[in-house]
Amino acid sequence: MTATTLADPNAARDHARSMAGTVVEAMPVLPPVASDLPEAVAPDDLVWEETIAPGGYATRRLARGSRLRLIDTKGDACAALMLFNAEMPTERLNVADTVKVQWNAYLGAGKLLLSDMGRVMMSILEDDASTHDAFCGTSNAATNSAKYGEGSNSGPYPNGRDRFLLGAAKHGLQRRDVHPCINLFKGTKIAADGTIVPDIGPFAPGRSLTLRAEMELIVVIANVPHVLDPRDAYTVTPLRATAWRGVVTQADDAIRNATPEGQRAFLNVEDYFRR
């Protein structure tokens, strides 16, 4: 439609209504319907189905026990992840504690994402990517301006920190609440001399990661290029997020009991919900 036609409120309304049902690659599906859920999952348990655009972000509140599956659909997504306790958002993901408490800086299946209060926020149930980063955080306006010539939220090269701000704001949070994140699907290793060595890809499409919510959570995801991506172009591809209701972690769970440190973090969660 022309700008002149859209200036007519009635024509603009009719045009807007005619777009109902339009589906694009990157959007949430309402109501969520996923054709490839695990066999044991009932369709009615699906709570979130969304493809996050390159440079985009998404946020959702997830109940304790929910599963969240992320899929790098085309092999070049970078899921920068922030977590908050939905009931008390001053408690949030602590990347330093996630690393030091588990004596391991390389995330993968069986590892935990810990809060700044010693509780497990999420467990990694499955991981066929094995390239993740707990060192570098995400981009900001200055880093993107230096690399791409532009870094604002409304520009062609949005940065991760400002994407996080938009997601956090939907839950009443502010810039001061945007905390260090982890990056999923883009990896880093620490060389013997202390140098951070990025493992950026691109990788084979379809790699996935499944996490379990151990608390009531606010999840915020920014799908932006890794801050150490050496490529000159702003390069990132769509990321698919699917979440469904699940059973709260049981006392005999293998991940819960894998290490003494993990057991303590789960006990801290159970004590919190006992109050």
Side-chain angles (χ1 to χ4, degrees), residues 61-70 79-138 164 177-192 194-199 207-221 243 245-275:
R61 180 167 174 158
L62 295 181
R64 187 182 181 201
S66 297
R67 273 58 169 174
L68 172 62
R69 182 178 60 196
L70 301 175
L81 177 70
M82 276 198 320
L83 302 172
F84 300 87
N85 175 348
E87 298 178 341
M88 185 178 65
T90 51
E91 180 177 12
R92 66 276 309 268
L93 174 67
N94 187 303
V95 180
D97 284 357
T98 292
V99 168
K100 71 183 181 183
V101 169
Q102 297 180 94
W103 307 95
N104 192 317
Y106 302 116
L107 301 174
K111 297 303 180 186
L112 311 174
L113 306 184
L114 303 178
S115 81
D116 52 2
M117 296 188 181
R119 294 189 271 258
V120 187
M121 305 196 83
M122 299 194 94
S123 302
I124 302 177
L125 300 184
E126 300 172 348
D127 174 26
D128 61 19
S130 300
T131 50
H132 311 300
D133 164 40
F135 299 108
C136 296
T138 192
F164 277 152
D177 298 302
V178 176
H179 56 270
C181 69
I182 60 170
N183 295 303
L184 303 173
F185 300 113
K186 300 295 186 185
T188 53
K189 297 286 186 182
I190 303 300
T195 302
I196 298 177
V197 181
D199 187 7
R207 300 184 310 151
S208 66
L209 182 83
T210 303
L211 304 104
R212 177 176 60 201
E214 307 295 356
M215 307 180 69
E216 304 289 321
L217 293 179
I218 294 169
V219 176
V220 187
I221 300 170
R245 299 182 186 91
V247 177
V248 172
T249 302
Q250 302 298 298
D252 61 352
D253 180 77
I255 294 177
R256 180 190 186 280
N257 296 301
T259 68
E261 296 83 10
Q263 285 182 325
R264 171 56 59 187
F266 273 98
L267 285 171
N268 289 342
V269 171
E270 290 153 13
D271 178 65
Y272 176 76
F273 282 99
R274 204 176 280 125
R275 298 171 189 173

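These figures come from a predicted structure and were not determined experimentally.
For Asn268, there are no side-chain hydrogen bond (donor to acceptor under 3.5 Å, both in side chains) partners two or more places apart in sequence or in a different chain. With sequence neighbours excluded, the residues that form a salt bridge (Lys or Arg N to Asp or Glu O under 4.0 Å) with Lys100 are Asp97. Judged as a side chain to side chain contact (heavy atoms under 4.5 Å, CB included), and not counting sequence neighbours, the contacts of Ala63 are Ser66, Glu216. Residues passing the side chain to side chain contact (heavy atoms under 4.5 Å, CB included) test with Glu270, sequence neighbours excluded: Arg64, Arg256, Phe266, Leu267, Arg274. Scored by the salt bridge (Lys or Arg N to Asp or Glu O under 4.0 Å) test, Asp253 finds Arg212 as partners (sequence neighbours excluded). Applying the salt bridge (Lys or Arg N to Asp or Glu O under 4.0 Å) rule to Asp127 yields no partners; only residues at least two apart in sequence or on another chain are considered. Residues passing the side chain to side chain contact (heavy atoms under 4.5 Å, CB included) test with Ala254, sequence neighbours excluded: none. Residues meeting the side-chain hydrogen bond (donor to acceptor under 3.5 Å, both in side chains) test with Ser123, sequence neighbours left out: Glu214. For Thr195, the side-chain hydrogen bond (donor to acceptor under 3.5 Å, both in side chains) criterion is met by Asp193, not counting sequence neighbours. Judged as a side-chain hydrogen bond (donor to acceptor under 3.5 Å, both in side chains), and not counting sequence neighbours, Arg245 has no contacts.
One distance of note links CG of Leu209 with CG of Leu125; it measures 9.0 Å at 0.5 Å rounding. Expressed to the nearest 0.5 Å, how far CE of Met122 lies from CG of Leu114 amounts to 12.5 Å.
Using a 4.0 Å cut-off between charged side-chain N and carboxylate O, Arg92 and Asp177 make a salt bridge.
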Hey, can you pull the donor-acceptor pairs under 3.5 Å for the side chains in residues 81-88, sequence neighbours left out?
residue: Asn85; atom: OD1; partner: Glu87; partner atom: N; Å: 2.9
residue: Asn85; atom: OD1; partner: Met88; partner atom: N; Å: 3.4
residue: Asn85; atom: ND2; partner: Glu91; partner atom: OE1; Å: 2.9
residue: Asn85; atom: ND2; partner: Tyr272; partner atom: OH; Å: 3.1
residue: Glu87; atom: OE1; partner: Tyr272; partner atom: OH; Å: 3.3

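Within the structure, salt bridge (charged side-chain N to carboxylate O under 4.0 Å, His left out) pairs that include any residue of residues 105-116 do not occur (at least two apart or interchain).
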